[in-house]
Amino acid sequence: METTVGHAEKYLGQFCTLMASYTRKTAKLRDKADLVVKQLSDFANTENPELRTCLKSLADDLAMVQDYRQAEVERLETRVVMPLKAYGDIIKQKRADMKKFNSTRNHEMKELEKLEKIRLKNPSDRHGISQAEASAQKASAEASRTTRQLEETINDFQKQKMEDIKKIFSDFLTIEMLFHAKALEVYSSTFQNLENFDMEKDLEIYRSRVHIYDGTIDSMALPTSRSTSSMQRGSRPTWRTPQSTLRRQQEIEDVYESEEEDDLEDLGEEYAQIRR
């Protein structure tokens with residue numbers, strides 16, 4: 001009996017903890033999926049019509065699956081976690097019954113020991129022995145009655161435990177199958193919508209926008225290029241090669257030398273006239 005209650009307390013308590021964690025993680029998954037839905041909607045608003053429609057449909061279907069997931073969380077809480085949690089109080093009650101049974105057995109043992117002591121010490125004390133025998137018989141009867149009650153209680157507990165475990169995990173599987181069946185139905189439709197997405201239509205719109213944009217840049221750039229070419233045609237280059245620069249310097253030096261010779265000749269003639 002101790003073993004039965006001990007195993008139930010250990011393993012059902014662990015199941016309760018694990019299933020509660022499972023339910024919380026499922027709720028967190030629902031919350032993360034809600035964020036994905038919002039992100040898909042925001043992203044869809046920035047895209048071209050075909051992809052926008054496809055993404056919004058995906059977001060709507062994913063949101064629908066999260067509604068099913070919310071129902072899954074609520075059912076797990078009420079049909080799985082709460083029944084397992086209730087076994088905490090049930091096991092406490094069974095331990096109280098076992099404590100009462102142990103107390104009754106200890107009382108019986110004390111009465112029997114007391115009777116045995118009286119018989120050994122005062123074998124001739126018939127009155128004392130009779131009273132001790134009556135007390136021992138009463139304690140034994142109470143112990144027997146308590147033992148039968150405890151056996152019935154433990155048998156009922158074991159039967160109820162098996163029925164509850166069967167129902168709890170059957171409900172768990174039913175809840176999961178129902179959710180996944182609904183999710184599969186929605187996701188199948190969503191997958192088909194993605195497969196039917198017409199990429200070429202959006203690409204045509206995108207190409208047309210890019211072509212118009214590039215054309216605007218070209219039309220703005222053409223006058224600049226024409227004006228640049230006009231400036232190039234209307235102006236002359238101001239640079240010279242090193243050879244042309246040297247030739248120019250030589251011409252200037254020749255002019256200077258010619259002018260100096262003319263000046264010397266004029267001075268010579270003036271000097272000759274003065275001497276005459």
Side-chain angles (χ1 to χ4, degrees), residues 3-97 154 156-197 199 202:
T3 303
T4 301
V5 175
H7 286 170
E9 183 178 25
K10 176 182 177 180
Y11 291 105
L12 292 180
Q14 291 176 351
F15 279 133
C16 181
T17 301
L18 291 173
M19 296 309 297
S21 177
Y22 182 94
T23 304
R24 288 194 300 271
K25 294 295 178 63
T26 303
K28 289 181 180 179
L29 180 60
R30 173 207 60 204
D31 295 339
K32 293 298 182 182
D34 288 339
L35 295 178
V36 175
V37 170
K38 184 179 183 303
Q39 194 75 7
L40 282 170
S41 298
D42 293 342
F43 179 54
N45 293 329
T46 67
E47 288 297 323
N48 292 321
E50 289 294 322
L51 183 56
R52 182 189 308 124
T53 301
C54 185
L55 290 177
K56 284 188 175 294
S57 176
L58 173 60
D60 292 340
D61 290 343
L62 188 57
M64 185 184 302
V65 172
Q66 302 324 303
D67 292 338
Y68 294 140
R69 200 184 298 278
Q70 174 62 25
E72 176 193 14
V73 170
E74 293 174 356
R75 290 167 181 164
L76 287 172
E77 183 68 26
T78 57
R79 299 185 185 179
V80 178
V81 177
M82 294 303 295
L84 288 170
K85 187 177 180 181
Y87 262 85
D89 294 333
I90 294 173
I91 290 173
K92 285 181 181 180
Q93 183 61 44
K94 300 311 170 188
R95 287 204 174 277
D97 293 340
I154 293 300
D156 292 341
F157 170 76
Q158 182 69 8
K159 180 181 179 181
Q160 188 64 44
K161 183 188 70 174
M162 291 188 292
E163 290 177 354
D164 288 342
I165 289 175
K166 177 182 177 181
K167 185 177 188 307
I168 288 170
F169 286 101
S170 294
D171 287 345
F172 171 74
L173 293 175
T174 302
I175 292 167
E176 291 297 301
M177 287 189 294
L178 181 61
F179 166 74
H180 288 292
K182 292 290 186 181
L184 180 60
E185 180 181 354
V186 174
Y187 284 149
S188 298
S189 175
T190 306
F191 181 81
Q192 192 62 43
N193 289 336
L194 285 173
E195 288 293 309
N196 294 334
F197 164 52
M199 190 184 302
D202 275 356

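Only this structure's heavy atoms are used, side chains among them; waters, hydrogens and symmetry mates stay out. Counting from 1, the numbers follow the sequence of the chain as shown.
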Peer 1: With side chains defined as the heavy atoms from C-beta onward, is the minimum distance between Leu84 and Val80 less than 4.5 Å?
Peer 2: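 Yes, close enough: below the 4.5 Å cut-off.
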Peer 1: Tell me if the CZ atom of Phe169 is crowded by more than 12 foreign heavy atoms within 6.0 Å.
Peer 2: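 Atom CZ in Phe169 is packed in, count exceeds 12.
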Peer 1: Does any N or O in the side chain of Ser57 come within less than 3.5 Å of the main-chain N or O of Thr53, such that one atom is a donor and the other an acceptor?
Peer 2: no
Peer 1: Within a strict 4.5 Å, meaning less than it, do heavy atoms of the Tyr68 and Glu72 side chains meet?
Peer 2: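 Not in contact.
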Peer 1: To the closest 0.5 Å, what do you measure between CE (Met19) and OG1 (Thr26)?
Peer 2: 8.5 Å
Peer 1: What do the steps show when you test Lys38 against Asp34 for salt bridge (charged side-chain N to carboxylate O under 4.0 Å, His left out), and what is the final call?
Peer 2: CA-CA 6 Å; Lys38 184 179 183 303; Asp34 288 339; over 6 Å; no
Peer 1: Do you know which two heavy atoms are closest between Leu194 and Cys54, and how far apart they sit?
Peer 2: CD2-SG, 3.2 Å
Peer 1: To the nearest 0.5 Å, how far apart are CG in Leu184 and CE in Met177?
Peer 2: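 These two atoms lie 14.0 Å from each other.
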Peer 1: Determine whether a donor-acceptor pair (N or O, by modelled atom type, separation under 3.5 Å) exists between the side chain of Gln66 and the backbone of Leu62.
Peer 2: yes
Peer 1: Go through it in stages, so that I can follow the logic: the residues are Thr3 and His7, the test is side-chain contact (heavy atoms from CB on, under 4.5 Å), and I'd like the CA-CA distance, side-chain angles, deciding distance and then a yes or no.
Peer 2: CA-CA 6 Å; Thr3 303; His7 286 170; 3.4 Å; yes
Peer 1: Within the 4.5 Å heavy-atom criterion, are Thr174 and Arg79 side-chain neighbours or not?
Peer 2: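 A side-chain contact is absent here, since even the closest heavy-atom pair is not under 4.5 Å.
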Peer 1: Please give me the minimum heavy-atom distance between Tyr87 and Gln160, naming the atom from each residue.
Peer 2: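 Of all heavy-atom pairs spanning Tyr87 and Gln160, the closest is OH-O, 3.3 Å.
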Peer 1: With rounding to the nearest 0.5 angstrom, report the CE to CD distance, Met64 to Glu185.
Peer 2: 9.0 Å
Peer 1: Assess the side chains of Gln70 and Glu74: does a donor N or O sit below 3.5 Å from an acceptor N or O?
Peer 2: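 Indeed, the side chains of Gln70 and Glu74 share at least one donor-acceptor pair under 3.5 Å.
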Peer 1: For Lys56, I'd like to know if atom NZ has over 12 heavy atoms of other residues, nucleotides or ligands within 6.0 Å.
Peer 2: yes
Peer 1: Report the C-alpha distance between Lys161 and Leu12 in whole Å, list the side-chain angles of each, state the deciding distance to 0.1 Å, and finish with yes or no for side-chain contact (heavy atoms from CB on, under 4.5 Å).
Peer 2: CA-CA 10 Å; Lys161 183 188 70 174; Leu12 292 180; 4.2 Å; yes
Peer 1: Specify the closest pair of heavy atoms between Val81 and Cys16, including all atoms of both residues, with the distance to one decimal.
Peer 2: O-SG, 4.2 Å
Peer 1: Locate the shortest heavy-atom distance separating Pro83 from Ile168; write the atom from each residue and the value.
Peer 2: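 Looking at all heavy atoms of both residues, the closest pair is CB-CD1, 3.7 Å.
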Peer 1: Can you establish whether the number of heavy atoms outside Gln39 located under 6.0 Å from its atom CD is more than 12?
Peer 2: no
Peer 1: Measuring only between side-chain heavy atoms, which start at C-beta, is Asn193 closer than 4.5 Å to Leu58?
Peer 2: no
Peer 1: Any idea which heavy atoms bring Gly6 and Arg95 closest together, and the distance?
Peer 2: CA-NH2, 3.7 Å
Peer 1: With rounding to the nearest 0.5 Å, note down the distance linking CD1 in Ile175 to CG in Asp171.
Peer 2: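 It is 6.0 Å, given to the nearest 0.5 Å.
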Peer 1: Test Ile154 against Val5 for side-chain contact (heavy atoms from CB on, under 4.5 Å), laying out the working first.
Peer 2: CA-CA 8 Å; Ile154 293 300; Val5 175; 4.0 Å; yes
Peer 1: Before you tell me yes or no, could you show the steps for Phe172 and Phe15 under ring pair (Phe, Tyr, Trp, His ring centres under 6.0 Å), namely the whole-Å CA-CA distance, both residues' side-chain angles and the distance that decides it to 0.1 Å?
Peer 2: CA-CA 12 Å; Phe172 171 74; Phe15 279 133; over 10 Å; no
Peer 1: About how many Å separate CG of Asp164 and NZ of Lys159, when rounded to the nearest 0.5 Å?
Peer 2: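 It comes to 12.0 Å.
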Peer 1: Work out which heavy atom in Val37 is nearest to a heavy atom in Ala63; give both atom names and the distance.
Peer 2: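 Reported closest heavy-atom pair: CG2-N, 3.7 Å.
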Peer 1: What distance separates Gln158 CD from Met162 CE, expressed to the nearest 0.5 Å?
Peer 2: 5.0 Å
